[in-house]
Enquirer: 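Have a look at the structure that comes next, please.
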Amino acid sequence: MKKQKVSSVDGSQFGGVGNISNFQFDESKVRELLAHMMLYHEYSFRMEEHMLFNKFMKACTPHWKKISRATAKCRCFATYEFEKKKLKPLLNQVPKVNITIDKWTSYQKVSYMVVTCHFIDSGWQLNKCVLNFRNIPPPHSGLLIADALHKCFRNWGIESKICSITEDNAKANDVAMRHLRDVFNMRKSLVVGGKFFHVHCCAHITNLMVQDGLGNIGDIVDCVRDGIKFLVASEGRLKQFTETTKNLQLSSKKLFLDVPTRWNSTYLMLLAAYEFKGVFSMYGYNDHQFIWVPSHEDCDKVKSVCELLGVFNRVTKIVSGNDYPTSNLFLPKIW
């Protein structure tokens, strides 16, 4: 039975004396919470079919019944629709909202776009909520992006409340923003005639600046990156490198291999590599295959670059905040 009552004994109270109470198993509530868990942690729908998960749930309560991934998917969609109904009345009370959009391509080469809404509620609290997460098939033209955004705004009933849209610097995005601005201006719904409608992402501008600068020291970055790749490719080399670090009584930090398209990860890689500069030399002395020993001049350059990138890293973290206003911070920080 879905809501069958059974007796449960709690011996944690009254000095170990058992306290008998009625326990009620609510299957719908359990499945609702399970859907929230799957959405929050981004678990696969298949998780609810896993053998050990079901053994665990059966151990928690004998009333648990295994459900299929199709049922799990339906429950997650139902949870989304329920949360959407709760959010819509709140958006109806807000006079203006600001939108941020982000696009990326997954490892499966599938393109996605997420639309996030930012607004201040009646209690003067800054709020953030994801409105839409959808696949954007190629070609990623400006008109296709504009159409997807317009449908999203109309679906949420906020098309007349858009104040600004922030996104990365890309030609397709520029075309999309021009098209949307013309549509909204015809309705006279934009603030100051849409002068502040299209906002370029400050963090992305910072990224472009740093990537351009890193191009001038590409040979040094490649030397550090290739050396770390050589070390982490073999468990034996990595163990020998770690032992050399311990013998020199240096930091217990680990080597860090960057993602070349993310400059902040390159910064972390260079920062760790500079701390291991003595270890690289000692390791290269023992392993003649290791040809990526940075010179003293290269180490000095890495140190200088890390000091500069440290400033950009702090600025990026500040202007990327989502629980406080950033429009009043970006100009002095970038300056």
Side-chain angles (χ1 to χ4, degrees), residues 102 104-107 168-169 200-324 326 329-335:
D102 194 14
W104 69 95
T105 303
S106 70
Y107 290 118
D168 291 347
N169 296 273
H200 292 280
C201 176
C202 185
H204 189 245
I205 293 172
T206 307
N207 175 60
L208 295 176
M209 292 165 60
V210 176
Q211 291 286 9
D212 188 59
L214 285 174
N216 294 319
I217 57 161
D219 53 340
I220 300 174
V221 175
D222 288 341
C223 176
V224 173
R225 184 183 293 131
D226 292 341
I228 294 175
K229 281 182 180 179
F230 176 82
L231 291 170
V232 300
S234 166
E235 186 177 352
R237 295 174 198 152
L238 201 54
K239 183 178 180 181
Q240 185 180 346
F241 186 88
T242 303
E243 289 175 353
T244 305
T245 303
K246 291 179 179 178
N247 292 336
L248 294 175
Q249 297 182 341
L250 293 177
S251 168
S252 58
K253 256 187 175 181
K254 293 183 178 180
L255 289 171
F256 186 87
L257 184 61
D258 71 331
V259 179
T261 55
R262 298 182 60 185
W263 72 267
N264 52 341
S265 69
T266 303
Y267 161 64
L268 295 175
M269 179 186 72
L270 294 175
L271 196 64
Y274 180 76
E275 293 189 24
F276 288 123
K277 58 181 179 179
V279 186
F280 282 121
S281 300
M282 185 68 72
Y283 183 87
Y285 180 79
N286 296 322
D287 186 350
H288 298 296
Q289 285 186 305
F290 188 74
I291 59 174
W292 299 277
V293 178
S295 64
H296 290 295
E297 182 183 359
D298 286 344
C299 288
D300 290 339
K301 288 180 179 179
V302 168
K303 180 182 179 182
S304 299
V305 169
C306 285
E307 290 173 353
L308 289 170
L309 292 183
V311 177
F312 281 96
N313 191 49
R314 289 193 297 274
V315 168
T316 299
K317 287 182 178 179
I318 291 171
V319 300
S320 299
N322 55 39
D323 57 355
Y324 55 85
T326 56
L329 299 175
F330 80 91
L331 185 58
K333 293 301 179 185
I334 290 295
W335 180 257

Enquirer: Answer yes when Asp222 and Arg225 have at least one side-chain N-carboxylate O distance shorter than 4.0 Å, and no when they do not.
Expert: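 Yes, Asp222 and Arg225 are salt-bridged.
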Enquirer: For the residue pair Asp168 and Cys201, what are the closest heavy atoms and their distance?
Expert: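 Here Asp168 and Cys201 meet closest at OD1-CB, 3.8 Å.
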Enquirer: What heavy-atom pair brings Ala273 and Val224 nearest, and what distance separates the two atoms?
Expert: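 Closest heavy-atom pair between Ala273 and Val224: CB-CG1, 3.5 Å.
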Enquirer: Quick one: CH2 on Trp263 to CE on Met209, what's the gap to the nearest 0.5 Å?
Expert: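 Here the rounded value is 10.0 Å.
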Enquirer: If you round to the nearest 0.5 Å, how far is CG of Leu257 from CG of Asp226?
Expert: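 Answer rounded to 0.5 Å: 9.5 Å.
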Enquirer: Would you check if Thr316 and Asn264 make a side-chain contact, meaning some heavy-atom pair closer than 4.5 Å?
Expert: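 They are not in contact (no side-chain heavy atoms under 4.5 Å apart), so the answer is no.
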Enquirer: Quick check for you: to the nearest 0.5 Å, what is the distance between Ile228 atom CD1 and Leu255 atom CG?
Expert: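 Atom-to-atom, Ile228:CD1 and Leu255:CG are 5.5 Å apart.
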Enquirer: Between Asn207 (side chain only) and Ala203 (backbone N and O only), is there a donor and an acceptor less than 3.5 Å apart?
Expert: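 Checked: no pair found.
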Enquirer: Please evaluate residues Leu214 and Leu309 with respect to the criterion side-chain contact (heavy atoms from CB on, under 4.5 Å), reporting the C-alpha separation (whole Å), side-chain torsions for both, the decisive distance (0.1 Å), and the verdict.
Expert: CA-CA 10 Å; Leu214 285 174; Leu309 292 183; 4.1 Å; yes
Enquirer: Arg237 versus Phe290: any side-chain heavy-atom pair under 4.5 Å?
Expert: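 No. Closest side-chain heavy atoms not under 4.5 Å.
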Enquirer: Tell me, yes or no, whether the heavy-atom count around Glu307 atom CD, taken from other residues, nucleotides or ligands under 6.0 Å, exceeds 12.
Expert: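 Yes, because the 6.0 Å sphere around CD of Glu307 holds more than 12 heavy atoms from other groups.
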Enquirer: Check whether any side-chain heavy atom of Ile217 sits under 4.5 Å from a side-chain heavy atom of Lys301, and report yes or no.
Expert: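 Answer no - side chains too far apart.
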Enquirer: Under 3.5 Å, is there a donor-acceptor pair between the Asp258 and Ser265 side chains?
Expert: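 Ser265 and Asp258 do not have a side-chain donor-acceptor pair below 3.5 Å.
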Enquirer: Work out which heavy atom in Thr266 is nearest to a heavy atom in Val259; give both atom names and the distance.
Expert: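 Closest heavy-atom pair between Thr266 and Val259: OG1-O, 4.3 Å.
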Enquirer: If you take all heavy atoms of Lys254 and Ala272, which pair is closest and at what distance?
Expert: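 It is O-CB, 4.0 Å.
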Enquirer: If the threshold is 4.0 Å, N to carboxylate O, is there a salt bridge linking Glu235 and Lys239?
Expert: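 Lys239 and Glu235: not salt-bridged.
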Enquirer: Looking only at atom types and distance, does a side-chain atom of Tyr324 sit under 3.5 Å from a main-chain N or O of Ile318, one as donor and one as acceptor?
Expert: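 Answer holds: yes.
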Enquirer: I'd like to know whether Cys223 forms a side-chain contact (heavy atoms from CB on, under 4.5 Å) with Asp219, so could you lay out the CA-CA distance, the side-chain angles of the two residues, the decisive distance to 0.1 Å, and finally the verdict.
Expert: CA-CA 6 Å; Cys223 176; Asp219 53 340; over 6 Å; no
Enquirer: Just say parallel, tilted or perpendicular for the rings of Phe241 and Phe276, cut-offs at 30° and 60°.
Expert: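 If you compare the ring of Phe241 with that of Phe276, the planes turn out perpendicular.
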Enquirer: Within the side chain of Thr326, is there an N or O that forms a donor-acceptor pair under 3.5 Å with the backbone of Leu329?
Expert: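 Judged by distance alone, no pair lies under 3.5 Å.
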Enquirer: If you measure from NE2 on His200 to CG on Leu208, what distance do you get to the nearest 0.5 Å?
Expert: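 If we round to the nearest 0.5 Å, His200:NE2 and Leu208:CG are 11.0 Å apart.
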Enquirer: Locate the shortest heavy-atom distance separating Tyr283 from Gln240; write the atom from each residue and the value.
Expert: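 For Tyr283 versus Gln240, the nearest heavy atoms are CE1-CD, 3.7 Å.
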Enquirer: Under a 4.5 Å cut-off applied to non-hydrogen side-chain atoms, are Phe280 and Leu231 in contact?
Expert: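 In contact.
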Enquirer: Could you tell me the separation between the CE atom of Met282 and the CG atom of Asn247, rounded to the nearest 0.5 Å?
Expert: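 One gets 8.5 Å once the value is rounded to the nearest 0.5 Å.
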Enquirer: Given 3.5 Å as the limit, does a donor-acceptor pair link the side chain of His204 with the main chain of Asn169, or not?
Expert: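 Yes; judged by distance alone, with no hydrogens or angles, the pair exists.
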Enquirer: Can you tell me how far the CG atom of Leu270 sits from the OG atom of Ser304, to the nearest 0.5 Å?
Expert: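 It is 12.0 Å, given to the nearest 0.5 Å.
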Enquirer: Evaluate side-chain contact (heavy atoms from CB on, under 4.5 Å) for Val210 paired with Tyr267, printing each intermediate quantity in order.
Expert: CA-CA 10 Å; Val210 176; Tyr267 161 64; over 6 Å; no
